[in-house]
Amino acid sequence: MKPDADVMLGGFAGTMLMDIAPQLGGEYTLGSVGIISMSMLMVAQEVDRAADVRYNENAQMRALFADAATLIDDKDLAARLAAAAKTKDESLRVRALDASNDALKKLFIELQGFVETSKAPWAPLLEEKLWAFLLESVEARRFAFPTLG
């Protein structure tokens, strides 16, 4: 049997919420089981999507950096953007993807600050692309919660 962590965690959470929680007395215990169960549902979703979200974010940031490097007039920042655009993820392990994601996001923040203060004609369109990336990123990391009835 190949255990699917997301399916297992979801099943455990469902059992805790629907079967165990109603049998418990005391608000503290019931609240703790509810919080643990909802956390398990969130972890189950994250287990399934974690690598995909980070891999795609990293690729999108690299593409944005490649475009931005050709536009901006700050030679140092442009060079760092071009170099970052050429990097690759060393592994699909979540911690490795997180390390790349963190480094890319630091540069993203610097780029966003530069673009938001620029008066160049290309700045509004690039700023729009940066905000679109951020909105996509938030949506990709959003958790879906079941309705309990």
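Reckoned from all heavy atoms, side chains included, excluding hydrogens, waters and symmetry mates.
Counting all heavy atoms, side chain and backbone alike, Pro124 lies closest to Pro121 at CD-O, 3.5 Å. Closest heavy-atom contact between Ala78 and Ala69: O-CB, 3.5 Å. The shortest heavy-atom contact between Met16 and Ile36 is CE-CG2, 3.8 Å. The two residues Thr87 and Leu104 make their nearest non-hydrogen contact at OG1-CD2, 4.4 Å. The two atoms that bring Leu107 and Ala84 nearest to each other are CD2-CB, 3.5 Å, heavy atoms only.
A salt bridge is defined here as a Lys NZ or Arg NE, NH1 or NH2 lying under 4.0 Å from an Asp or Glu carboxylate O, and Arg80 with Asp76 meets this definition. In this structure, Glu139 does not pair ionically with Arg49, as no charged nitrogen and carboxylate oxygen lie closer than 4.0 Å. A salt bridge links Arg62 to Asp89: one of the charged nitrogens lies within less than 4.0 Å of a carboxylate oxygen.
Under the 4.5 Å side-chain heavy-atom criterion for ILVMFWY residues, no single connected hydrophobic cluster contains both Val7 and Met38. Val33 and Val43 fall within a single hydrophobic cluster, where Ile, Leu, Val, Met, Phe, Trp and Tyr are joined by side-chain heavy atoms under 4.5 Å apart, directly or via other members.
Side chain of Glu57 to backbone of Asn101: no donor-acceptor contact under 3.5 angstrom is found. A donor-acceptor contact shorter than 3.5 Å is absent between the side chain of Ser137 and the backbone of Phe133. Judged by distance alone, the side chain of Asn56 and the main-chain N or O of Asp52 form a donor-acceptor pair under 3.5 Å.
Within 6.0 Å of atom CD in Glu128, 12 or fewer heavy atoms from other residues, nucleotides or ligands are found, so the atom counts as exposed in its surroundings. The number of heavy-atom neighbours closer than 6.0 Å to CZ of Arg141, taken from other residues, nucleotides and ligands shown, is above 12.
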Stepwise salt bridge (charged side-chain N to carboxylate O under 4.0 Å, His left out) check, Glu46 with Arg54: CA-CA 11 Å; Glu46 189 62 14; Arg54 288 151 179 82; 2.8 Å; yes
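The line from CD of Glu110 to CG of Asp74 is 7.5 Å long, rounded to the nearest 0.5 Å.
Ser100 and Asn58 form no side-chain donor-acceptor contact under 3.5 Å, judged by distance and modelled atom types alone.
Aromatic ring pairs are classed by plane angle as parallel below 30°, tilted from 30° to 60° and perpendicular above 60°; the pair Phe114 and Trp122 is parallel.
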